[in-house]
Amino acid sequence: MRTKPIPAIVMLTAGFVTCIVGIVEHFSFGRYIKTLFFVLIGFYLLGCIAKLVIDQGFRVMDEPLLEYEGMDIDENLMDELAMTDDEYQDDFQDN
């Protein structure tokens with residue numbers, strides 16, 4: 001999964017919300033810049049943490065497939081094991 005843009009998206013969304021709040025609350029320029037700076041840094045770090053958690057979760061999900069990596073697949077066996085639509089529907093209806 002492509003998770004590289006997650007920190008930037010989180011940071012920019014928080015920055016946008018901060019801009020709106022700053023305009024509505026009539027922040028002074030100095031207060032606005034300090035607030036925006038700390039919000040952008042904080043939410044960038046939160047985005048990085050979220051990215052790491054998501055990457056770790058998907059890596060755990062992919063590990064069972066690693067044992068089959070590099071194995072040759074016998075196409076004839078795959079054709080023999082394939083279910084027809086009728087068999088699939090019968091199996092689905094039984095459950």
#### Entry: For the student: nearest non-hydrogen atoms of C19 and Y32, plus distance
SG-OH, 2.9 Å

### Message
Nearest 0.5 angstrom please: I41 CD1 to M11 CE, how far?
### Response
8.0 Å

### Task
Determine, using the 4.5 Å side-chain heavy-atom cutoff (strictly less than), whether F27 and V17 are members of one ILVMFWY cluster.
yes

### Message
Can you pull out every side chain to side chain donor-acceptor pair (under 3.5 Å) where at least one residue sits in residues 14-24? Sequence neighbours excluded, please.
### Response
none

#### Entry: Pairs touching residues 15-24 that satisfy salt bridge (Lys or Arg N to Asp or Glu O under 4.0 Å), sequence neighbours left out
none

### Task
Decide whether F38 and I33 are clustered together by the hydrophobic rule: side chain heavy atoms of Ile, Leu, Val, Met, Phe, Trp, Tyr closer than 4.5 Å, transitively.
no

### Task
May I ask whether L45 and F37 are part of the same hydrophobic cluster, defined by side-chain heavy atoms of I, L, V, M, F, W, Y residues being less than 4.5 angstrom apart, directly or through others?
yes

### Message
I need the L40 CG to L36 CG distance, nearest 0.5 Å.
### Response
4.5 Å

### Query
Going hydrophobic residue to hydrophobic residue with side-chain gaps under 4.5 angstrom, can you get from F16 over to L12?
no

#### Entry: Pairs touching residues 40-51 that satisfy side chain to side chain donor-acceptor pair (under 3.5 Å), sequence neighbours left out
K51-D55

### Task
Working to the nearest 0.5 Å, report the span between CG of L52 and CD1 of I6.
10.0 Å

